[in-house]
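In what follows, a single structure is set out as structure tokens and then discussed.
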Amino acid sequence: MTAKRIDGKAAAQGIRDRIATEVDAFRQQVGRVPGLAVVLVGDDSASAVYVRSKARATEQAGMQGFEHRLSATTSQDELVALVDRLNADPAVDGILVQLPLPPQIDEQVIITRISPDKDVDGFHPVNAGRLAIGLHGFVPCTPLGCLRLLQAELGELSGKDAVVVGRSNIVGKPMALLLLRESCTVTIAHSRTRNLPEVVRRADIVVAAVGRPNMITGDWLKPGATVIDVGINRTEAGLVGDVDFTSASEIAGAITPVPGGVGPMTIAMLIRNTFVSAARREGYSYEKSL
Ligand code: GUN
């Protein structure tokens, strides 16, 4: 049996189209469009590619994009001053400062400076705390996109065994909390986990977010498992995930490819969070399933 290939690109396009329709209705009622400010410090080439696709998606959804490109030598004070200006700007509903930042800037200082109500990345401690205790807030885009793919694939997730491999603040930890919110039995595995293949083999749902090319192979999987591969690893063989797609496809029930799986969903969720931010700020009611 070959696993179903989960088409993240198509799912993301569907969501972006729905949001474009919502943005149009928002504009007619509120008299402005949602705005997203994206800040890139330095010239990391991968970050530049991400920022460009975020800007393109913003425009395609009919929203206003504000791009700020700062030099690699920007000081922390200068970046803080920009964040303060964006916090105060009524046309800006979402603020995203692309990570990683250059070494002279403390990422936590910047993340904490962004107004929690414009934190469409969901990285602010207030939003992380809201997710942890079950309050409304902003959820990080990548794990939210993974959850949407899982729900589209499996429907109800309640009672399923989920293993999240990786414990980062951006993906692993919020992913585990989202799966817990959906009443999964959640295990967070990481580099110190003993018998990792055995742990992964228990899972109905595997989310891989470790950054090690092709680490998870087909023999680690429970037959029929749903596998979400968050890894984006640049190797000599090109872009590969954390899951060995070829062997995993023979055992899994469904699996996301790299590229074309999680990546497009991350951007769709950023657009979604920006729209939701604008709607909340304006007291505009929107389709909750968005
Ligand atoms: N760097 C890698 N992923 C992300 C993300 O989702 N948001 C931001 N701001 N930076 C990132």
Side-chain angles (χ1 to χ4, degrees), residues 8 12 15-16 35-58 65-70 72 74 76 79-80 82-83 86-87 92-103 105-116 118-128 131 137-149 164 166-175 177-178 207-212 228-234 239 241-242 256 258-259 261-274 276-277:
I15 291 164
R16 285 167 58 177
L36 173 65
V38 176
V39 181
L40 174 63
V41 184
D43 34 36
D44 178 73
S45 66
S47 289
V49 171
Y50 295 142
V51 164
R52 212 168 306 129
S53 24
K54 288 168 184 175
R56 207 179 311 125
T58 307
F66 305 94
E67 238 181 287
H68 295 268
R69 292 172 174 267
L70 309 183
T74 301
Q76 182 168 299
L79 186 54
V80 164
L82 173 58
V83 168
L86 298 172
N87 281 339
V92 172
D93 298 291
I95 302 169
L96 181 148
V97 178
Q98 186 67 29
L99 305 179
L101 290 168
I105 301 175
D106 182 338
E107 287 185 354
Q108 277 312 320
V109 167
I110 302 304
I111 288 170
T112 307
R113 193 79 176 198
I114 295 170
S115 163
K118 295 189 177 187
D119 171 37
V120 287
D121 257 331
F123 293 167
H124 192 287
V126 164
N127 283 317
L131 176 61
F138 289 110
V139 174
C141 303
T142 298
L144 187 57
C146 294
L147 179 69
R148 294 297 175 86
L149 290 177
V164 179
R167 54 175 155 177
S168 70
N169 290 335
I170 296 185
V171 184
K173 277 186 230 168
M175 186 76 247
L177 288 166
L178 283 171
V207 180
V210 273
R212 282 166 155 268
I228 305 291
D229 189 352
V230 183
I232 300 180
N233 306 291
R234 288 174 177 77
L239 221 53
D242 293 343
T256 59
V258 176
V262 172
M265 286 298 284
T266 295
I267 293 181
M269 291 300 110
L270 173 66
I271 301 306
R272 181 254 176 215
N273 280 354
T274 302
V276 167
S277 178

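Whatever order the structure lists them in is the order used to number ligands and atoms, beginning at 1.
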Report yes or no: does [X] contribute a side-chain atom to a donor-acceptor pair with the main-chain N or O of [Y] at less than 3.5 Å?
X: S277; Y: G94; result: no
X: T112; Y: V109; result: no
X: K118; Y: L86; result: yes
X: E107; Y: L101; result: yes
X: D119; Y: I114; result: no

(request) Not counting sequence neighbours, which residues clear salt bridge (charged side-chain N to carboxylate O under 4.0 Å, His left out) with R16? List them please. (result) none
Between ligand 1 and the protein, tabulate every N or O atom pair separated by less than 3.5 Å, reporting distance only.
| unit_1 | atom_1 | unit_2 | atom_2 | d |
| --- | --- | --- | --- | --- |
| ligand 1 | 1 (N) | Q98 | NE2 | 3.2 |
| ligand 1 | 1 (N) | L99 | O | 3.0 |
| ligand 1 | 7 (N) | D121 | OD1 | 3.1 |
| ligand 1 | 7 (N) | D121 | OD2 | 3.3 |
| ligand 1 | 9 (N) | V97 | O | 2.9 |
| ligand 1 | 9 (N) | D121 | OD2 | 2.6 |
| ligand 1 | 10 (N) | L99 | N | 3.0 |

